[in-house]
There are 2 protein chains.
Amino acid sequence: MLVERRRSVASQATSILAERIRTQLYAPGSRLPSESELAAELGVSRASIRSALGRLAAEGMVLRKQGDGTYVNARLQHIPTTLSGLWDFLGLIERSGRAPAIQVLAQTVRAASEHELEALALEEDEPVFHLRRVFLADDTPAIVADNAIPLALLQQPPELCDGQLPINEFIARYCQTQIAYGIFDIDALLPDGPTQALLRLEDQSPLLRLRQVFYDRQNEPLLCGSSSYNEKLLGLRLVQSWS
Amino acid sequence: MLVERRRSVASQATSILAERIRTQLYAPGSRLPSESELAAELGVSRASIRSALGRLAAEGMVLRKQGDGTYVNARLQHIPTTLSGLWDFLGLIERSGRAPAIQVLAQTVRAASEHELEALALEEDEPVFHLRRVFLADDTPAIVADNAIPLALLQQPPELCDGQLPINEFIARYCQTQIAYGIFDIDALLPDGPTQALLRLEDQSPLLRLRQVFYDRQNEPLLCGSSSYNEKLLGLRLVQSWS
DNA sequence: CAGTGGTCTAGACCACCCA
DNA sequence: GGGTGGTCTAGACCACTGC
């Protein structure tokens with residue numbers, strides 16, 4: 001049953017169960033088979049099944065009741081957003097039911113700003129690769145994202161990089177490394193002139209801003225950036241479950 | 001070594017390791033003992049140690065490198081906020097280095113608003129218990145929080161309830177149930193007059209707003225509410241780590 | 001190569017819920 | 001009491017890293 005290589009058994013089990021819930025093979029509100037039954041059916045250990053159910057429970061897709069069973073959450077058929085999904089702008093737009101697209105506005109090399117010098121631990125006057133993009137939802141601008149990467153990390157000439165890539169894939173492809181973690185600051189602000197024009201905002205309605213710094217496994221800064229959301233358009237909805 | 005009752009071994013191990021990092025017994029940037037060594041030292045299985053390290057890694061406190069070891073994250077000495085910590089306003093203020101306090105502004109029973117009727121799945125004209133509070137950071141108002149609970153859920157006369165309690169303890173104490181999960185919407189908005197006055201805002205600077213609905217294990221709505229942050233004062237900082 | 005973290009299993013016991 | 005999820009253990013093998 002579970003035979004793919006290179007993908008963990010627990011991860012495959014998660015996908016299978018999520019799919020069964022999505023297709024309502026396990027109907028909303030109904031009780032799933034017990035962990036032992038699922039383990040036997042999929043030919044894996046109960047620990048692997050528990051790992052899979054744990055991930056689904058963390059996303060709110062299922063509710064577990066000790067001594068009773070595991071139930072499909074009937075309230076969450078159309079509300080999937082996790083914290084890690086927050087920075088996946090394309091997925092965010094897609095899940096809102098709109099067609100996502102990326103428009104690259106600028107892809108340049110410039111001196112690092114003061115804030116970038118500190119955040120990226122750079123030497124004075126060290127250049128960064130600056131990527132400015134707009135994420136469109138059904139052709140309507142929804143997010144403006146600016147990202148700066150130390151030029152020294154790029155393994156390719158900047159003009160050859162594909163600015164359409166999601167930022168984690170961009171890093172993986174052109175910096176030959178992986179994002180281990182990120183630190184995010186969320187605040188609210190009134191858009192400046194250019195941002196207001198880019199997002200085609202009529203009034204001065206406030207925006208959500210996400211500023212982020214990503215680090216690799218060696219704890220070296222990879223990227224810092226700032227993204228402004230038109231949250232009227234997208235809506236940031238999270239699920240948080242306890243123990 | 002690990003002898004407390006009623007608290008899981010993995011949870012106790014998490015506390016022990018977190019404490020060792022906090023007190024720099026494991027210095028910033030240094031490598032922790034291997035999982036097997038920790039398991040032997042604490043007298044628990046490697047699985048329990050891995051569970052503990054997994055939680056610390058999710059919060060960014062340690063970085064794990066396959067084939068190498070687990071390292072104390074030197075960058076995160078003073079940046080602890082997880083998604084679940086976002087709704088713990090007292091802790092949020094405390095971690096920002098200020099003295100937290102709660103001021104109860106209103107503790108009343110009133111008819112449910114239209115939005116509350118739907119969110120809490122109430123019958124027409126059903127009353128709710130409404131709690132309006134301000135969270136102070138060093139005596140400066142930082143957050144205005146409004147919460148509505150179906151009156152039918154309260155096991156005590158509303159005037160006898162202690163409005164100073166954190167909302168999850170309030171629910172546990174007076175509704176005899178527990179929050180299983182919550183759905184949160186984040187947006188940005190300009191404060192209305194009363195809010196602006198309560199938070200003592202001089203200009204019309206935008207606020208972060210968190211709207212939430214909590215559910216219990218039976219998937220019944222427990223509470224809905226809205227909290228406005230003065231994020232200039234507090235700052236919302238999150239850590240997200242991958243795989 | 002030896003040692004590390006990553007994955008998985010089989011089996012055990014407990015706390016809890018419901019009939 | 002029987003079945004469920006919650007916890008924990010011991011042991012195994014793998015993938016990867018650094019020397």
Side-chain angles (χ1 to χ4, degrees), chain A residues 1-15 17 26 30-58 61-73 176-178 180 216-219 241-243, chain B residues 1-14 16-17 26 30-58 61-73 176-178 180 216-219 241-243:
Chain A
M1 177 61 80
L2 304 182
V3 288
E4 281 178 48
R5 296 276 171 257
R6 301 208 52 79
R7 223 176 128 220
S8 78
V9 169
S11 165
Q12 294 177 58
T14 309
S15 303
L17 296 178
Y26 298 146
S30 69
R31 194 170 79 170
L32 267 60
S34 76
E35 299 179 347
S36 311
E37 286 170 344
L38 288 173
E41 188 216 334
L42 298 183
V44 302
S45 73
R46 198 184 143 212
S48 302
I49 290 295
R50 278 190 61 74
S51 166
L53 288 176
R55 299 187 208 189
L56 298 179
M61 290 185 66
V62 299
L63 297 172
R64 302 161 107 178
K65 302 188 206 171
Q66 181 170 145
D68 184 354
T70 302
Y71 292 81
V72 178
N73 189 344
Q176 312 287 357
T177 184
Q178 275 200 319
D216 65 11
R217 288 240 129 68
Q218 274 67 46
N219 215 1
S241 54
W242 278 266
S243 78
Chain B
M1 177 62 81
L2 303 181
V3 288
E4 282 178 47
R5 295 275 171 258
R6 299 209 54 76
R7 213 167 138 229
S8 78
V9 169
S11 166
Q12 294 178 57
T14 308
I16 291 175
L17 295 178
Y26 299 145
S30 69
R31 194 170 79 171
L32 266 62
S34 77
E35 298 177 348
S36 311
E37 285 170 346
L38 287 172
E41 187 217 336
L42 298 183
V44 302
S45 72
R46 199 184 141 212
S48 301
I49 291 295
R50 278 189 62 74
S51 165
L53 288 176
R55 299 187 209 189
L56 297 179
M61 289 185 68
V62 299
L63 298 172
R64 302 162 107 179
K65 301 187 207 173
Q66 178 169 151
D68 184 355
T70 303
Y71 292 80
V72 178
N73 189 347
Q176 314 287 357
T177 183
Q178 274 199 321
D216 66 9
R217 286 238 130 69
Q218 274 67 47
N219 216 0
S241 54
W242 277 267
S243 84

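Residue numbers begin at 1 in each chain, while the letters A, B, ... track the order of the sequences.
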Reading DNA chain D from 5' onward, which residue's closest nucleotide shows up sooner: B:D68 or B:A47?
B:A47
Which whole-number value in Å describes the distance from A:I49 CD1 to D:dT4 P?
14 Å
Audit row: A:R50, A:R64, side chain to side chain contact (heavy atoms under 4.5 Å, CB included) steps and yes/no:
CA-CA 11 Å; A:R50 278 190 61 74; A:R64 302 161 107 178; 3.4 Å; yes
Do B:R55 and B:M61 come close enough that some side-chain heavy atom pair is under 4.5 Å?
no
Would you say that A:L38 contacts A:E35 through its side chain, given a criterion of any heavy-atom pair below 4.5 Å between the two side chains?
no
Please examine the side chains of B:L32 and B:L53, heavy atoms only from C-beta on, and report whether any two atoms are closer than 4.5 Å.
yes
Closest-nucleotide ordering on DNA chain C, the 5'-leading residue of A:S45 and B:E35
B:E35
Heavy-atom count around B:Q176 CD within 6.0 Å, excluding the residue itself: above 12?
yes
The residue, B:Q218 or A:S8, whose nearest nucleotide of DNA chain C is more 5′ is A:S8
Would you grab the first and last nucleotide of DNA chain C (5' to 3') that comes under 4.0 Å of any non-hydrogen atom in chain B?
C:dG3 to C:dT7
Have a look at A:T70 and say if it touches a base, only the backbone sugar-phosphate, or nothing, with a 4.0 Å heavy-atom cut-off.
sugar-phosphate
Whole angstroms only, please: what is the CD-P distance between B:Q66 and D:dG18?
11 Å
Sorted by position of nearest nucleotide on DNA chain D, 5' first, the leading residue of A:S36 and B:K65 is A:S36
Without decimals, in angstroms, what is the distance between B:R50 CZ and D:dC14 P?
17 Å
Check whether any side-chain N or O of A:R31 sits under 3.5 Å from a backbone N or O of A:D68 as a donor-acceptor pair, and report yes or no.
yes
